Amino acid sequence: MTNQSLVVNDSFLTPSAGGSLPWVETGSPEHNGSLEFSTDPLDFPINPWDIMLCMSGTVIACENAIVVAIIFYTPTLRTPMFVLIGSLATADLLAGMGLILNFVFRYVVSSETISLVTVGFLVASFTASISSLLAITVDRYFSLYNALTYFSEKTLQYVHLMLLGTWGVSLFLGLLPVLGWNCLDDAASCSIVRPLTRSNVTLLAVSFFVIFVLMLTLYFKICKIVCRHAHQIALQQHFFATSHYVATKKGVSTLAIILGTFGASWLPFAIYCLVGEKEYPSVYTYATLLPATYNSMINPIIYAYRNAEIQRSLYVLLCGCFQANKAYRSRSPSEV
């Protein structure tokens, strides 16, 4: 039985003189996605790109598992901001585990059913990660737009609704390949990532661009709010401290870093999903997919490990050396 898990077209490889390929294609010449190992001696029996994806998944899983554990075991981290950060870390943790499982199931266990579940798992996890980034952006916008009423029970309910929608849509998109929207029975409909169809990949890419545009729009509105705050502080500097503006400016700078890394990570793969064909060399797919996984590796650094409250909880969790009676102040999302 052939391996189906996130298999990309390797038809660009050619055998060297007097040698043979470490794997051979099975089925018809048009079937570019299904590969089977040959019985000839192998110099590199495992695709180095798959090894890098597995290593990336391992780092992602370890980083985000710590964040999830900190938020779960720290009662003080129950504000809307940390709930959303926990959702993001959970999604990235699942994505990292999915990359590891994809590697195992591709080279150890060969099953169409398992591979479909693995691909659906990855689609759902990365969709939840991207959607959680949008939810965090929305939360930061409302924390500035409605600063006086932000810390209320209504805000927490609103956040829970956002999370319900985020994970509901992600689960739906992840189930589509499992429920039949795949190219296992129609090789001509395959995309650059088998067994996803071209239409499925196009849907995911368009969804990414919609989310990215929404994040850019919200970022522009946040910048306008910051400028208005700066003007008010300049007019009433004798009555208002400048610390709030400094903190808000720091939050906007952080958001700019987030959008920059988010775009740099996912834009190449999203664009290639729209323009790429299954006949193209697989190196193009790997070269755009691998940087996309780095976004899940960077997220915990930007959102969690730079946060003072999470740093404090990490010290308590690891060594218990932090002074428990030290002053503690809950911060708004604009300060993170």
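Just so we're clear, the structure is a prediction, and the values are computed from it rather than from any experiment.
Counting heavy atoms from C-beta on, the side chains of Glu309 and Phe82 come closer than 4.5 Å. Residues Asn299 and Leu133 have side chains in contact (heavy-atom distance under 4.5 Å, counting atoms from C-beta outward). Side-chain contact between Thr197 and Trp181 is present, with heavy atoms from C-beta onward closer than 4.5 Å. Looking at heavy atoms from C-beta onward, Arg312 lies out of side-chain contact with Thr74 at the 4.5 angstrom threshold. Two residues are said to be in side-chain contact when any heavy atoms from C-beta on lie closer than 4.5 Å; Leu203 and Leu173 meet this criterion. Between Ser313 and Leu77, the closest side-chain pair of non-hydrogen atoms falls below 4.5 Å. Looking at heavy atoms from C-beta onward, Ser131 lies out of side-chain contact with Val169 at the 4.5 angstrom threshold. Contact annotation: the side chain of Val67 never approaches that of Ile70 to less than 4.5 Å [non-hydrogen atoms, C-beta and beyond].
Here Thr285 contributes atom OG1 and Leu290 contributes atom CG; the two are 12.0 Å apart, rounded to the nearest 0.5 Å. Taking OG1 from Thr58 and CE from Met297, the interatomic distance works out to 9.0 Å, rounded to the nearest 0.5 Å. Here Ser191 contributes atom OG and Leu204 contributes atom CG; the two are 9.0 Å apart, rounded to the nearest 0.5 Å. Atom-to-atom distance recorded for Leu101:CG and Ile114:CD1 is 10.0 Å, nearest 0.5 angstrom. Rounding to the nearest 0.5 angstrom, the gap separating the CG atom in Leu289 from the CD1 atom in Ile192 is 8.5 Å. Glu63 CD to Asp92 CG: the interatomic distance, rounded to the nearest 0.5 Å, is 9.0 Å.
Taking the six-membered ring for Trp and thresholds of 30 and 60 degrees, Tyr272 and Tyr284 have ring planes more than 60 degrees apart, a perpendicular arrangement.
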List, one per line, each side-chain donor-acceptor pair under 3.5 Å for residues 256-271, sequence neighbours excluded.
unit_1	atom_1	unit_2	atom_2	d
Thr261	OG1	Ile257	O	3.0
Thr261	OG1	Ile258	O	2.9
Ser265	OG	Thr261	O	2.7

Donor-acceptor contacts under 3.5 Å from residues 84-91 side chains, at least two apart:
unit_1	atom_1	unit_2	atom_2	d
Ser87	OG	Ser132	OG	3.0
Ser87	OG	Trp167	NE1	3.0
Thr90	OG1	Gly86	O	2.7

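Smallest separation of non-hydrogen atoms from Asn182 and Leu184: OD1-N, 3.2 Å. Among all heavy-atom pairs drawn from Pro291 and Ala287, the shortest one is CD-O, 3.0 Å. Residues Leu99 and Phe126 come closest through the heavy atom pair CD1-CZ, 4.3 Å. Considering every non-hydrogen atom in both Ile100 and Cys54, the closest pair reads CG1-O, 4.1 Å. When all heavy atoms are compared, the tightest approach of Tyr305 to Gln311 is O-NE2, 2.7 Å. In plain terms, the two heavy atoms of Ile60 and Asn64 that are nearest each other are O-ND2, 2.8 Å.
Side-chain heavy-atom separations under 4.5 angstrom define the hydrophobic clusters, and the remaining members of the one that includes Leu179 are Leu171, Leu175. Apart from Val178 itself, the hydrophobic cluster it occupies contains nothing, where clustering links Ile, Leu, Val, Met, Phe, Trp and Tyr at side-chain heavy-atom distances under 4.5 Å.
Between the side chain of Arg198 and the main chain of Leu274, a donor-acceptor pair closer than 3.5 Å is present. Asp50 places no side-chain N or O within 3.5 Å of a backbone atom of Phe103 that could act as its donor or acceptor partner. In this structure, the side chain of Asn102 does not engage the main chain of Gly98 through any donor-acceptor pair within 3.5 Å. Of the possible donor and acceptor atoms, one in the side chain of Ser143 sits under 3.5 Å from a partner among the backbone N and O of Arg140.
Around OH of Tyr73, the count of heavy atoms belonging to other residues, nucleotides or ligands within 6.0 Å does not exceed 12. Open room surrounds CG on Asp185; 12 or fewer heavy atoms of other groups in view lie less than 6.0 Å from it. Counted within 6.0 Å of CZ on Phe72, heavy atoms from surrounding residues, nucleotides or ligands total 12 or fewer; the atom is thus considered open.
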Step-by-step side-chain contact (heavy atoms from CB on, under 4.5 Å) determination, Val283 to Trp49
CA-CA 8 Å; Val283 65; Trp49 287 100; 3.8 Å; yes

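A single hydrophobic cluster is not seen to contain both Leu196 and Val117; linkage of ILVMFWY side chains at heavy-atom distances under 4.5 Å, directly or through other members, places them apart. Connection of Leu134 to Leu164 is not established within any shared hydrophobic cluster, with ILVMFWY side chains joined at heavy-atom distances below 4.5 Å, either directly or through further cluster members. Leu214 and Leu161 are members of different hydrophobic clusters when ILVMFWY side chains are connected at heavy-atom separations under 4.5 Å.
Every ring pair (Phe, Tyr, Trp, His ring centres under 6.0 Å) that Tyr158 has, sequence neighbours left out, goes to Phe142. Partners of Cys190 by disulfide (SG to SG under 2.5 Å), not counting sequence neighbours, listed by chain and number: Cys183.
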